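Below is one structure, written out as structure tokens; the observations come after it.
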Amino acid sequence: MLKGKTALVTGSTSGIGLAIARALAAQGANVTINGFGDKAAIEKERAGIEGEFGVKTLYSPADMTKPAEIAGMVRTTEQTFGSLDVLVNNAGIQHVAPIEEFPIEKWDQIIAINLASAFHTIRAAVPGMKSRKWGRIINTASAHSLVASPFKVAYVSAKHGLAGLTKTVALETATFGITANCISPGYVWTPLVEKQIPDTMKARGMTAEQVKRDVLLAAQPTKEFVTVDEVAALAVYLCSDAAKAITGANLSIDGGWTAE
Ligand code: NAD
């Protein structure tokens, strides 16, 4: 379905982003992967995607807090593969603390990575998409783009902002064959969720088991974590021609969380 097209997935060295990068490669797209982590492990993933799916790949170490590095990553992708057709803004971090104790540098970092980086990638990628009259912009938002939870002030603010950014871009690009949508997962078992358990234990005075059952899965009527492959399948669908009328949407994949 995506043969001859190129995808860039930010924050794709782990979790949801890696699953989306692999799923787009499985559809034939060349892929730029991005994110932090162990160099050898990243190289193994990158080479593995090429070997498994017969596509070309590129790894960009661009830091999503640095606008110049972000623009450079988009430029390098276009120069290497000839185009950037599918842009997935997925990089994200979390920090859990009451607002009066929330570290200012964590607020700045979360707004930069979870929100501003999408502005910078889209700004750089849209001219090429407009000129080719085709593009797919997919922003990994969250159930927290629709509802709030206590102790996540920066994350909830950034994700609500990302939903607004997405709608604006959808309106500006609607006549150019470009769609822009949010995918909003509930809890997906990835390092991002695992890492917030100790701080949530502290903020709420709970054990790890209580956090899993009474905070995380309590929010989800299905009482199950969403899987990274389920999220990736939705991203693939949004890239299809069948989804060309879906733009400016915020698609929940949250086991019923935001229906409550
Ligand atoms: P993860 O920790 O497994 O992956 C995060 C990725 O972002 C990693 O590749 C990491 O290296 C990258 N990253 C972090 N800081 C970066 C920076 N400064 N520059 C470049 N890359 C950076 O987490 P995940 O759960 O897969 O999260 C992916 C996205 O999904 C995030 O935007 C997150 O908010 C969103 N999300 C996750 C869940 C969940 O329950 N896991 C739910 C809803 C939304």
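Counting starts at 1 for both ligands and their atoms, in listed order. Please read these numbers as outputs of a predicted model, since none were measured by experiment.
For the pair K195 and ligand 1, the shortest N or O to N or O distance does not fall below 3.5 Å. At a 3.5 angstrom cut-off on N or O pairs, G17 does not count as close to ligand 1. The shortest N or O to N or O distance between V193 and ligand 1 is not under 3.5 Å.
A donor-acceptor contact under 3.5 angstrom links the side chains of T32 and T77, judged on distance only.
Both the backbone and the side chain of N90 come within 4.0 Å of ligand 1, judged by heavy-atom distances. Neither the backbone nor the side chain of Q94 has a heavy atom within less than 4.0 Å of ligand 1. Under 4.0 angstrom from ligand 1, the non-hydrogen atoms of T190 all belong to its side chain. Contact annotation for A62 and ligand 1: only backbone heavy atoms (N, CA, C, O) come within less than 4.0 Å of the ligand.
Taken to the nearest 0.5 Å, the CE atom of M73 stands 10.0 Å off from the CG atom of D63. Rounding to the nearest 0.5 Å gives a distance of 5.0 Å between CD of Q94 and NZ of K152. Separating the CD1 atom in I110 from the CD1 atom in I93 is a distance of 4.5 Å, to the nearest 0.5 Å. T247 OG1 to I178 CD1: the interatomic distance, rounded to the nearest 0.5 Å, is 9.0 Å.
The closest approach between a heavy atom of N114 and any atom of ligand 1 is not below 4.0 Å. Proximity of A143 to ligand 1 is not established, as no heavy-atom distance is less than 4.0 Å. Ligand 1 lies within reach of Y155, whose nearest heavy atom is under 4.0 Å from it. Between Q109 and ligand 1 there is no heavy-atom distance shorter than 4.0 Å. At least one heavy atom of A141 sits closer than 4.0 Å to an atom of ligand 1. At a 4.0 Å cut-off, not a single heavy atom of G37 sits close enough to ligand 1 to count as contact.
The residue from V228, L216, T140 that puts a heavy atom closest to atom 35 (C) of ligand 1 is T140. When I110, V188, T65, I16 are ranked by how near their heavy atoms come to atom 41 (N) of ligand 1, first place goes to V188.
Atom 22 (C) of ligand 1 has its closest protein heavy atom at A91 CB, 4.0 Å. The protein atom (non-hydrogen) at minimum distance from atom 9 (O) of ligand 1 is T13 OG1, 2.7 Å. Scanning the protein heavy atoms around atom 42 (C) of ligand 1, the nearest turns out to be G186 O, 2.9 Å. Nearest protein heavy-atom neighbour of atom 20 (C) of ligand 1: M64 CG, 3.4 Å. Shortest contact from atom 16 (C) of ligand 1 to any protein heavy atom: F36 CE1, 3.6 Å. Among all non-hydrogen protein atoms, the one lying nearest atom 43 (C) of ligand 1 is P185 O, 3.3 Å.
Contact check for S252 versus W257: no side-chain heavy atoms found under the 4.5 Å cut-off. Side-chain contact between L24 and V88 is present, with at least one heavy-atom pair separated by less than 4.5 Å. A 4.5 Å side-chain heavy-atom check between S83 and E78 finds every atom pair outside the cut-off.
Ring-centre distance between F176 and W134: not below the 6.0 Å cut-off. With ring centers used as reference points, H95 lies under 6.0 Å from F102.
Residue-ligand proximity, Y187 to ligand 1, at heavy-atom distances under 4.0 Å covers atoms 40 (O). The ligand atoms of ligand 1 that sit less than 4.0 angstrom from a heavy atom of I113 are 15 (N), 18 (N). Listed by atom number, the atoms of ligand 1 under 4.0 Å from S12 heavy atoms are 9 (O). Residue-ligand proximity, I93 to ligand 1, at heavy-atom distances under 4.0 Å covers atoms 14 (C), 15 (N). Listed by atom number, the atoms of ligand 1 under 4.0 Å from N34 heavy atoms are 20 (C), 21 (N). In the vicinity of G35, heavy-atom distances shorter than 4.0 Å reach the ligand 1 atoms 11 (O), 21 (N). Close approach of ligand 1 to S14 (heavy-atom distance below 4.0 Å) involves ligand atoms 1 (P), 3 (O), 4 (O), 8 (C), 9 (O). Of all the atoms in ligand 1, the ones that sit under 4.0 Å from a non-hydrogen atom of G15 are 3 (O), 26 (O).
At distances below 3.5 Å, at least one donor-acceptor pair connects side-chain atoms of R136 with backbone N or O atoms of L238. Side-chain atoms of S142 do not come within 3.5 Å of backbone N or O of S184 as any donor-acceptor pair. Using a distance-only test at 3.5 Å, with no hydrogens or angles considered, no donor-acceptor pair links the side chain of D85 to the main chain of K5.
Of the residues T121, N89, N250, N90, the one that meets the side chain to side chain donor-acceptor pair (under 3.5 Å) test with N139 is N89.
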Q: Go through the steps for E52 and R22 under the test side-chain contact (heavy atoms from CB on, under 4.5 Å), then give the verdict.
A: CA-CA 9 Å; E52 201 172 326; R22 289 179 54 81; 2.9 Å; yes

Q: Test I99 against F151 for side-chain contact (heavy atoms from CB on, under 4.5 Å), laying out the working first.
A: CA-CA 7 Å; I99 189 162; F151 313 122; over 6 Å; no

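Note on ring orientation: taking the six-membered ring where Trp is involved, the planes of Y187 and F225 are perpendicular (angle over 60°, cut-offs 30° and 60°).
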